[in-house]
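Heads up: the structure comes next, in structure tokens.
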Amino acid sequence: MKKQVLKLDLDDFGDDNEDLAYLFFHTACPGYVFVDDLNHLYDLALSRENDLDLNEQSWPLYSYHDNLRQLDYYLIERPTVGSGVASHWAPGHKMMILKGENAAETAEVISNDFGTPPPQPDTCNPAEMERYDILTSYQQAFTPVNIYDIHAPVSTSKKTLKERTELENLFNTILDLLDLSGIE
């Protein structure tokens with residue numbers, strides 16, 4: 001009997017009206033600490049899910065569904081033990097997938113927050129002080145945040161093209177696992 005191989009294309013995931021955005025956080029900060037900080041910064045409630053079983057390793061997963069913004073947040077942490085997949089995504093670093101309305105705009109806001117010095121807070125406002133302290137600590141630790149644009153022009157370099165293909169295949173696998181697990 002012939003095996004049928006299905007390839008999931010990013011365009012096939014979800015509704016055509018849904019946006020997808022990808023953010024990479026280059027930090028070795030423990031996942032639970034980083035998630036707590038994101039929850040405080042963006043009024044989220046990311047919670048731990050069962051690990052994603054990917055490439056014979058467990059990849060920690062956190063998720064949150066924002067009913068008001070109609071946006072799903074998935075934070076995946078690369079295992080600290082090296083993996084042969086997407087080698088430019090270092091162990092311990094995190095990737096956030098945003099899915100839903102205004103995903104790209106939300107990703108841009110988060111990226112800008114981590115890359116731009118926050119305004120001086122009102123010292124009488126504890127929430128502003130906390131936000132300032134969190135963002136400042138990540139900026140002082142040189143925590144870059146990159147938005148991955150799947151629609152960016154493709155390089156002609158074989159190495160770059162291979163890395164991009166490898167990473168996008170990983171995205172497809174993660175999206176497929178999230179879809180199959182029904183995590184929201």
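For the numbers below, each heavy atom of this structure counts, side chains included, while hydrogens, waters and symmetry mates do not.
By the 4.5 Å heavy-atom criterion applied to side chains, Leu71 and Glu101 are not counted as neighbours. Between Arg78 and Trp59, the closest side-chain pair of non-hydrogen atoms falls below 4.5 Å. Taking 4.5 Å as the limit, every side-chain heavy atom of Leu177 sits out of range of all side-chain heavy atoms of Leu61. Under the 4.5 Å side-chain criterion, counting only non-hydrogen atoms from C-beta, Thr106 is not in contact with Arg69.
At distances below 3.5 Å, not a single donor-acceptor pair connects side-chain atoms of Asp36 with backbone N or O atoms of Tyr32. Of the possible donor and acceptor atoms, one in the side chain of Asn169 sits under 3.5 Å from a partner among the backbone N and O of Thr165. At distances below 3.5 Å, at least one donor-acceptor pair connects side-chain atoms of Asn39 with backbone N or O atoms of Leu46. Of the possible donor and acceptor atoms, none in the side chain of Glu128 sits under 3.5 Å from a partner among the backbone N and O of Gln120. Thr136 places no side-chain N or O within 3.5 Å of a backbone atom of Asp133 that could act as its donor or acceptor partner. The backbone N or O of Glu105 lies less than 3.5 Å from no partner atom in the side chain of Asn102, so there is not a single donor-acceptor pair.
Here Asp37 contributes atom CG and Cys29 contributes atom SG; the two are 6.0 Å apart, rounded to the nearest 0.5 Å. Atoms CD and NZ, from Gln70 and Lys99 in turn, are 11.0 Å apart once rounded to the nearest 0.5 Å. One finds the CG atom of Asp113 at 8.5 Å from the CD atom of Gln139 (value rounded to the nearest 0.5 Å). Once rounded to the nearest 0.5 Å, the distance linking CG of Leu52 with OH of Tyr74 reads 10.5 Å. Residue Arg48 holds its CZ atom at 10.0 Å from CG of Leu75, rounded to the nearest 0.5 Å. Within the model, atoms CG of Leu38 and NZ of Lys94 stand 10.0 Å from one another, a figure rounded to the nearest 0.5 Å.
For Phe25 and Tyr138, the gap between ring centers reaches or exceeds 6.0 Å.
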Evaluate side chain to side chain contact (heavy atoms under 4.5 Å, CB included) for Glu130 paired with Ile134, printing each intermediate quantity in order.
CA-CA 6 Å; Glu130 179 183 43; Ile134 291 171; 3.8 Å; yes
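Considering all non-hydrogen atoms of both residues, Tyr64 and Asp66 come closest at CE2-CB, 3.6 Å. Minimum heavy-atom separation, Tyr132 to Pro119: CD1-O, 3.4 Å. Ala103 approaches Ala21 most closely through the heavy-atom pair O-CB, 3.6 Å. Listed here is the closest heavy atom pair of Leu23 and Ala107: CD2-O, 3.7 Å. Heavy atoms only, all atoms of each residue included: Cys124 and Pro126 are closest at O-CD, 3.4 Å. Considering every non-hydrogen atom in both Glu108 and Ile147, the closest pair reads OE1-CD1, 3.4 Å.
The aromatic rings of Tyr22 and Phe171 lie parallel to each other, with less than 30° between the two planes, well short of the 60° mark.
When each of Thr27, Val145, Asn146 is paired with Phe114, the side chain to side chain contact (heavy atoms under 4.5 Å, CB included) condition holds for Val145 and for no other.
Side-chain contact, Tyr148 with Glu168: a donor N or O sits under 3.5 Å from an acceptor N or O.
Under the 4.5 Å side-chain heavy-atom criterion for grouping Ile, Leu, Val, Met, Phe, Trp and Tyr, Val33 is connected to Ile110 within one hydrophobic cluster.
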